[in-house]
There are 2 protein chains.
Amino acid sequence: MSNDENIYRQMLNAIVEHQLPPGARLPEDRLSEAFGVSRTGIRKVLQRLALEHFVVIEKNKGAQVNHPSKAEALEVLDSRLLIEPQLIPDLLTHWNAEHSERFRIMVTEEKHAEESNQLADSIQLTARFHYELATLAGNKVLANFVQQLCYRSSLILAAYGTRGSVGCECGDHSELLDLLDQGHKDKAQHWMSHHLKHIRSSLILDSKPEENIDFQKLFGR
Amino acid sequence: MSNDENIYRQMLNAIVEHQLPPGARLPEDRLSEAFGVSRTGIRKVLQRLALEHFVVIEKNKGAQVNHPSKAEALEVLDSRLLIEPQLIPDLLTHWNAEHSERFRIMVTEEKHAEESNQLADSIQLTARFHYELATLAGNKVLANFVQQLCYRSSLILAAYGTRGSVGCECGDHSELLDLLDQGHKDKAQHWMSHHLKHIRSSLILDSKPEENIDFQKLFGR
DNA sequence: TCTCTATTTATTGTATACAATAATTAATTG
DNA sequence: CAATTAATTATTGTATACAATAAATAGAGA
């Protein structure tokens with residue numbers, strides 16, 4: 001894996017897992033030192049993260065982790081609501097036992113993370129479940145977009161989520177897998193809509209934005 | 001407008017309008033000289049264009065205008081097919097006379113471009129029609145994505161399109177405007193689906209890829 | 001002490017330099 | 001003369017330098 005890509009993933013992880021919280025400043029020198037590359041390389045990944053809405057770059061002020069607005073949060077969830085259920089039909093045409101098994105393993109990991117209260121892991125795994133499912137539908141362009149939306153959702157959940165955002169009264173992801181195994185197209189689609197709507201409505205969007213904490217010890221190693 | 005943004009738009013235009021054809025190499029020095037900024041600035045916009053799939057950057061080989069694959073072409077159109085018709089309901093809730101007028105002006109421009117055989121203009125205007133419509137639906141995240149898909153479609157049409165790709169037996173964009181004016185939600189949705197399907201099926205996807213011409217005289221001024 | 005201003009420090013913006021790699025051309029050999 | 005190899009040229013990758021801007025600090029006056 002290229003070095004750039006490596007740095008990109010590490011930073012994306014740190015952001016999505018909330019190690020670098022929304023609002024945290026990302027000074028280039030600090031990162032440059034932490035990753036052992038010059039500012040040039042850092043700027044490259046920061047710009048990428050900015051295009052993908054994970055950080056915000058302000059002219060002459062540098063980058064900080066994006067704190068998604070309430071409007072943005074809703075738009076991201078609405079986008080997923082419009083796309084993901086519609087992927088189910090194509091998904092079903094490819095669905096087989098191996099897939100089912102792979103995803104069920106993922107679900108048990110999710111449950112484990114949730115039980116041991118590892119919120120970050122839990123959020124990450126949820127995202128992965130959704131975008132890997134999207135990938136199976138076969139359209140890479142869409143899958144790519146859904147993946148990005150899922151990552152952004154992680155940021156959103158970190159900012160506005162409640163415990164109820166991950167857990168869901170509709171049970172867990174394994175129920176969807178059951179429906180897929182049984183080939184219930186309409187029910188699966190409906191489940192997906194309901195699931196996303198539940199997440200959407202679980203967000204607390206009337207709270208005040210968090211203060212901008214700057215954890216100096218970036219990736220303290 | 002910032003200088004970066006300016007360069008970005010000029011290059012995007014040149015690509016989408018087929019002045020820089022698919023496969024054309026984009027040496028940094030040449031661009032750097034043409035735009036009067038150092039390679040640093042050029043690299044920045046090239047990387048952005050690469051993330052948006054308008055150019056392809058290969059390690060140690062630099063950037064060239066993307067020649068979308070057939071698979072990519074279909075996926076982009078399918079993505080639009082999945083999203084754009086679904087935007088109609090939200091679009092209709094905002095639709096009013098001013099919008100109608102604005103879009104009708106756009107349509108006359110389209111017709112004019114088509115009549116005078118200005119294919120590049122025609123393609124560009126078609127893209128604009130679609131993504132400005134998407135914007136009106138109110139979800140910026142989706143609108144952004146649709147815009148990107150429309151621009152990519154321009155590249156695709158330039159590579160695989162026929163005369164039939166822009167003109168359509170279902171008439172032209174003004175028919176959609178009529179349906180919107182009359183508030184015919186279902187018909188408008190159906191029209192949009194049909195329109196996109198028509199474009200999709202008008203592509204010539206069995207032809208051989210074009211040779212990689214390198215027009216040296218970049219933006220000859 | 002508080003506030004405003006001046007100075008210093010930190011940080012980013014941009015250009016350039018040099019090394020690494022690829023592409024092109026020239027040279028050599030069968 | 002063709003084909004392979006060597007030398008040259010072009011091009012990109014990365015680090016660094018310096019200027020421009022913003023942020024933080026210190027000092028002066030009320």
Side-chain angles (χ1 to χ4, degrees), chain A residues 1-11 14-15 20-51 54-67 211-220, chain B residues 1-11 14-15 20-67 211-220:
Chain A
M1 178 163 49
S2 86
N3 197 20
D4 281 350
E5 190 72 13
N6 184 31
I7 295 175
Y8 166 78
R9 296 223 179 149
Q10 286 195 54
M11 289 203 57
I15 291 171
L20 291 168
R25 295 185 60 196
L26 303 167
E28 296 174 2
D29 319 6
R30 220 72 57 84
L31 294 165
S32 160
E33 201 182 339
F35 286 109
V37 297
S38 86
R39 279 177 54 212
T40 310
I42 295 298
R43 287 181 72 90
K44 193 166 149 188
V45 338
L46 284 178
Q47 267 146 26
R48 173 168 177 189
L49 289 168
L51 284 175
F54 296 111
V55 313
V56 173
I57 296 180
E58 216 173 339
K59 171 119 178 163
N60 285 320
K61 291 195 180 176
Q64 55 182 83
V65 178
N66 183 24
H67 186 112
E211 71 274 28
N212 292 358
I213 308 158
D214 185 354
F215 284 99
Q216 295 297 6
K217 47 180 174 94
L218 289 179
F219 314 107
Chain B
M1 179 162 47
S2 88
N3 198 20
D4 282 349
E5 189 72 13
N6 185 31
I7 295 175
Y8 166 78
R9 297 225 177 146
Q10 285 195 54
M11 290 203 56
I15 292 171
L20 292 168
R25 296 184 60 195
L26 303 168
E28 296 174 1
D29 320 8
R30 220 72 57 83
L31 294 166
S32 159
E33 201 183 336
F35 287 109
V37 297
S38 86
R39 279 177 54 212
T40 311
I42 296 297
R43 287 182 72 91
K44 194 164 148 188
V45 338
L46 284 178
Q47 269 146 26
R48 173 167 177 190
L49 289 168
L51 284 174
E52 296 173 345
H53 301 98
F54 296 111
V55 312
V56 173
I57 296 180
E58 216 173 338
K59 171 121 179 165
N60 285 321
K61 293 194 178 176
Q64 57 182 92
V65 178
N66 183 26
H67 187 112
E211 71 275 29
N212 291 356
I213 308 157
D214 186 353
F215 284 98
Q216 295 297 6
K217 45 177 178 101
L218 290 177
F219 312 106

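A quick note: this is a predicted structure, and the numbers were derived from the prediction, not measured. Here is how names work: the chains are called A, B, and so on, in the same order as the sequence lines, proteins then strands, and each is numbered from 1.
- If you take CG of Asn3(A) and C1' of dG13(D), they are 12 Å apart, rounded to a whole angstrom.
- One atom, CD of Gln47(A), and another, P of dT12(C), lie 12 Å apart when rounded to the nearest Å.
- Between Asp29(A) atom CG and dA17(D) atom P there is a gap of 13 Å when expressed in whole angstrom units.
- Side-chain contact between Glu5(A) and Arg48(A) is present, with at least one heavy-atom pair separated by less than 4.5 Å.
- Each end of the helix from dT1(C)-dA30(D) to dG30(C)-dC1(D) gets its own axis, taken as the rotation carrying the C1' atoms of four end pairs onto the next four within a five-pair window, and the two axes meet at 10° to the nearest 10 degrees.
- The closest side-chain heavy-atom distance from Val55(B) to Asn66(B) is not below 4.5 Å.
- Closest to the side chain of Arg43(B), out of dT12(D), dA15(D), dT11(D), is dT12(D).
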Quick test: give all pairs of protein nitrogen or oxygen and nucleotides 18-25 of chain C nitrogen or oxygen below 3.5 Å, distance rounded to 0.1 Å.
{"from": "dT21(C)", "atom 1": "O3'", "to": "Asn60(B)", "atom 2": "ND2", "distance (Å)": "3.3"}

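- Which of dT12(D), dT14(D), dT11(C) sits closest to the side chain of Glu28(B) comes down to dT12(D).
- Residue Ile42(A) holds its CD1 atom at 8.5 Å from CD of Glu28(A), rounded to the nearest 0.5 Å.
- Going from atom CD of Glu33(B) over to atom C1' of dA15(C) covers 15 Å, rounded to whole Å.
- A straight line from CG of Leu26(A) to P of dT12(C) spans 9 Å, rounded to a whole angstrom.
- Straight-line distance from the CG atom of Leu31(A) to the C1' atom of dA10(C): 15 Å, rounded to whole Å.
- Under the 4.5 Å side-chain criterion, counting only non-hydrogen atoms from C-beta, Ile57(B) is not in contact with Gln64(B).
- Following rounding to the nearest Å, Ile7(B) (CD1) and dT14(C) (P) show an atom-to-atom distance of 10 Å.
- Note that CG of Leu20(B) and CZ of Arg25(B) are 13.5 Å apart. Values are rounded to the nearest 0.5 Å.
- If you take NZ of Lys44(A) and C1' of dA15(D), they are 14 Å apart, rounded to a whole angstrom.
- Two residues are said to be in side-chain contact when any heavy atoms from C-beta on lie closer than 4.5 Å; Leu49(B) and Tyr8(B) meet this criterion.
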Would Leu31(B) and Met11(B) count as a side-chain contact (heavy atoms from CB on, under 4.5 Å) if you check the C-alpha gap in whole Å, the side-chain angles of each, and the deciding distance to 0.1 Å? CA-CA 10 Å; Leu31(B) 294 166; Met11(B) 290 203 56; 4.1 Å; yes
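- Remark on DNA chain D: of its neighbouring residues Ala63(B) and Thr40(A), the 5'-side contact belongs to Ala63(B), judged by nearest-heavy-atom nucleotide.
- Considering OG of Ser38(A) and NZ of Lys44(A), their distance stands at 10.5 Å, rounded to 0.5 Å.
- For the atom pair CZ of Phe35(B) and CG of Asn3(B), the computed distance is 9.5 Å after rounding to the nearest 0.5 Å.
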